[in-house]
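For reference, the structure discussed in these notes is given below.
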Protein chains: 2
Amino acid sequence: MAVTIYDIAREAKVGIGTVSRVLNNSPKVTDGTREKVLSVAKKLNYQPHAFAQALARKRSNTLSAIIPFFTNYFFIEVLQGAQETLVSLGYDLIIHGVNSREQMEEYLSKSLKKGRVDGTLIFSLELSDSVAKEFLEKNIPLVLVDTQHPKFTSISVDNFEGVRIATEHLINLGHKKIGMITANLKSVPAKERLIGFKQVMQKNNLSINDRFILSSSQTKNDGFSREAGYESMKQMLQQNSELPTAIFVSSDIQAIGVLAALREHNISVPHDIALVSFDDIELSKYFGLTTMRQPMYKMGELAVHKAIQLIENPGTVLSSETFTPSLIVRGTCGQNPAYSFPSN
Amino acid sequence: MAVTIYDIAREAKVGIGTVSRVLNNSPKVTDGTREKVLSVAKKLNYQPHAFAQALARKRSNTLSAIIPFFTNYFFIEVLQGAQETLVSLGYDLIIHGVNSREQMEEYLSKSLKKGRVDGTLIFSLELSDSVAKEFLEKNIPLVLVDTQHPKFTSISVDNFEGVRIATEHLINLGHKKIGMITANLKSVPAKERLIGFKQVMQKNNLSINDRFILSSSQTKNDGFSREAGYESMKQMLQQNSELPTAIFVSSDIQAIGVLAALREHNISVPHDIALVSFDDIELSKYFGLTTMRQPMYKMGELAVHKAIQLIENPGTVLSSETFTPSLIVRGTCGQNPAYSFPSN
DNA sequence: TTTTGTTGTGGAAGGGCTTTCAAGAACTTA
DNA sequence: TAAGTTCTTGAAAGCCCTTCCACAACAAAA
């Protein structure tokens, strides 16, 4: 049986209340008793019992994170950011990986009420109204990462700004005929990136050729997949005799498919066509992709801070923060001649 | 305030004990009362309070997993296996990603005593004696995955068998002059894979040319890195005028480095040199690597089952299970002509 | 000296559950 | 019908903590 505060109280000849006060750094304890208690606690190698504490305090010092497994590298980095901050703040992390929105809802409906966690982080998954309502009703702190909802604090990436930087990079390199390959337009980021692209082109007085703009009809991963990228590029090659000199692709994973399609047609990157994409997943460096990097670690970190702020400060107004992705120049845009493809 | 068993008891006009018994499927309750309680519980949308339960039962239905972040893809897959099994069994998972053994020990020393988890899973990290002692003393169920210790249940991969399959695949393809590039020999898998390789060569009456066998002196990731692979291959190229016709590389990530070095020298894979490696990380398919796949998902799954068995059945003897990796034939071994490199 | 005010302290209550215990209800059996 | 069993049930105790309340001890003010 583990050591309890009763053991300490007996040994130190004080009351359990005093022991608890000492352990919680309450100021109203004499230095003498404090030392006495502390030394006994150390001698007995006391550790507070997490559940008893949680029960009494009505606080568990635990957060849950719901992350889709399929986000892969994003998953790990963001998790790393979240986890390390959490540890430094004395919290634990219950993680729940899911593969779909349905799975998330199922999990939430079961776990939410158990009072096991003080707050929740949801990554990349769109919030359904029913879930949103439940969080609101139960007043459980919730932070959204890489997804948004008007009623909750969220952390996301500025797609418009990212696209602007990417596209202007291409423009500054002298490209005028620029195409875009995006994912399934039902997905919010796919749509935003396309709209952003058109805006930038217009702002720079460049004409938009609709034949150079393709979206995907695939539903698996909303078209953010290698296959989708491959198909889109194939299609562009079929439909056109003349090609753009540069293409902005809405994700790295699609860009890898695009590269494969181009290679099949012996079209050299970046010589014949330059490429810039979005995400900077782990694969990107191996393929030499010039891309827009999302500060994943930072996002995890900030998510935790926001969540804890919400917990410790229930009145906090919801705040949505936006990160600007940064341009990572590698081989596919042609600016960096030292960068061979696939890269070293 | 949440609904408690007291609310149910009052509403259903029974005692709290009865409510608890119904909720825990105790047989000694009449069908009549059972239904009554159940219907009230449903009506009030009751959810048991996890901490109160844990406190009373002295069981938390929670496992903690300690996984090094740097294992990347392994991390995700194995986690997925663990997590999904856990959910199906009604357990929660506290995960703790670490970057080193020191970090792991620090975390353990703090968290172990809190009685927060019923058992622990440790992945890929070698157990120090002090930590081992602590687990033993406190009698906390522990399962080791991808690492071993004589006193604990573990799940690992049969390196010898994996190497045998890989190397004999090369031999069956007609190769006789086979080299090996391994990682830092301080790491157990690196060493085992090398020893295994030599055994297989001998068993097949093939001569081992020491000039074709390289290990890495790098310490970062124990030499399981792209850079290490690149360096090793460079070195082999420098030292030899004649090269082996096939190389077994101790990990995929190194193989990617090897590929880069070979490309620089215009040596074609698999035409001039065939390659087989180990792990089947996510990258592998994009590089068309023929490799030995570890059943990561399965390992996570089994780890959980073993841990829970240990928890629910404290007398269980420790059992160590070994998985045999399976050969994934892609482009780099030359057997699969349809597989271009980098692959489609 | 008495009164008022501080400060430190012990212990009960409470958090929500499981489990034990004793007693009442419902059955047997003679 | 009485005595003896067996079931079912309500309520108390216990899990380990935090926090509130009341009181003791002492210092300062009257």
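The structure displayed is predicted, hence computed values, not measured ones.
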List the residues meeting salt bridge (Lys or Arg N to Asp or Glu O under 4.0 Å) with [X], not counting sequence neighbours, and say none if there are none.
X: A:Lys151; result: none
X: B:Asp7; result: B:Arg10
X: A:Glu35; result: none
X: B:Lys43; result: B:Glu11

Using rotation axes that map the C1' atoms of four end pairs onto the next four (five pairs an end), what angle separates the end axes of the helix from C:dT1-D:dA30 to C:dA30-D:dT1, to 10°?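 Taking the rotation axis at each end, their angle is 50°.
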Is the distance from OP1 or OP2 of C:dC17 to the nearest side-chain N or O of B:Tyr46 less than 4.0 Å?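 The answer is yes; a side-chain N or O of B:Tyr46 sits under 4.0 Å from OP1 or OP2.
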Phosphate oxygens OP1/OP2 of C:dT18: is one of them under 4.0 Å from a side-chain N or O of B:Gln53?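 Result: yes.
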With sequence neighbours excluded, what pairs up with [X] under the side chain to side chain donor-acceptor pair (under 3.5 Å) test?
X: B:Thr62; result: A:Arg116
X: B:Gln53; result: none
X: A:Thr147; result: none
X: B:Ser100; result: B:Glu102

Can you say whether a donor on the side chain of A:Tyr6 sits under 3.5 Å from an acceptor on the base of D:dC17, or the other way round?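 Under the 3.5 Å cut-off, the side chain and the base do form a donor-acceptor pair.
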Which listed nucleotide (D:dC15, D:dC17, C:dC17) is nearest to the side chain of B:Lys58?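 Among D:dC15, D:dC17, C:dC17, the one nearest the side chain of B:Lys58 is D:dC15.
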Do the rings of B:Phe75 and B:Phe69 sit parallel, tilted or perpendicular, given the 30° and 60° boundaries?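 It falls in the parallel class, under 30°.
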Residue list, side chain to side chain contact (heavy atoms under 4.5 Å, CB included) with A:Ala303, at least two apart or on another chain: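 A:Ala303 satisfies side chain to side chain contact (heavy atoms under 4.5 Å, CB included) with A:Leu121, A:Val143, A:Val145, A:Ile155 only.
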Distances under 3.5 Å between protein N/O atoms and the N/O atoms of nucleotides 5-8 of chain C, please, pair by pair.
unit_1 : atom_1 : unit_2  : atom_2 : d
C:dG8  : O3'    : A:Thr30 : OG1    : 2.8

Quick check on contacts: within residues 11-26 of chain B, what sits under 4.0 Å from DNA chain D by heavy-atom distance?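 DNA chain D contact set from residues 11-26 of chain B: B:Lys13, B:Val14, B:Gly15, B:Ile16, B:Gly17, B:Thr18, B:Arg21.
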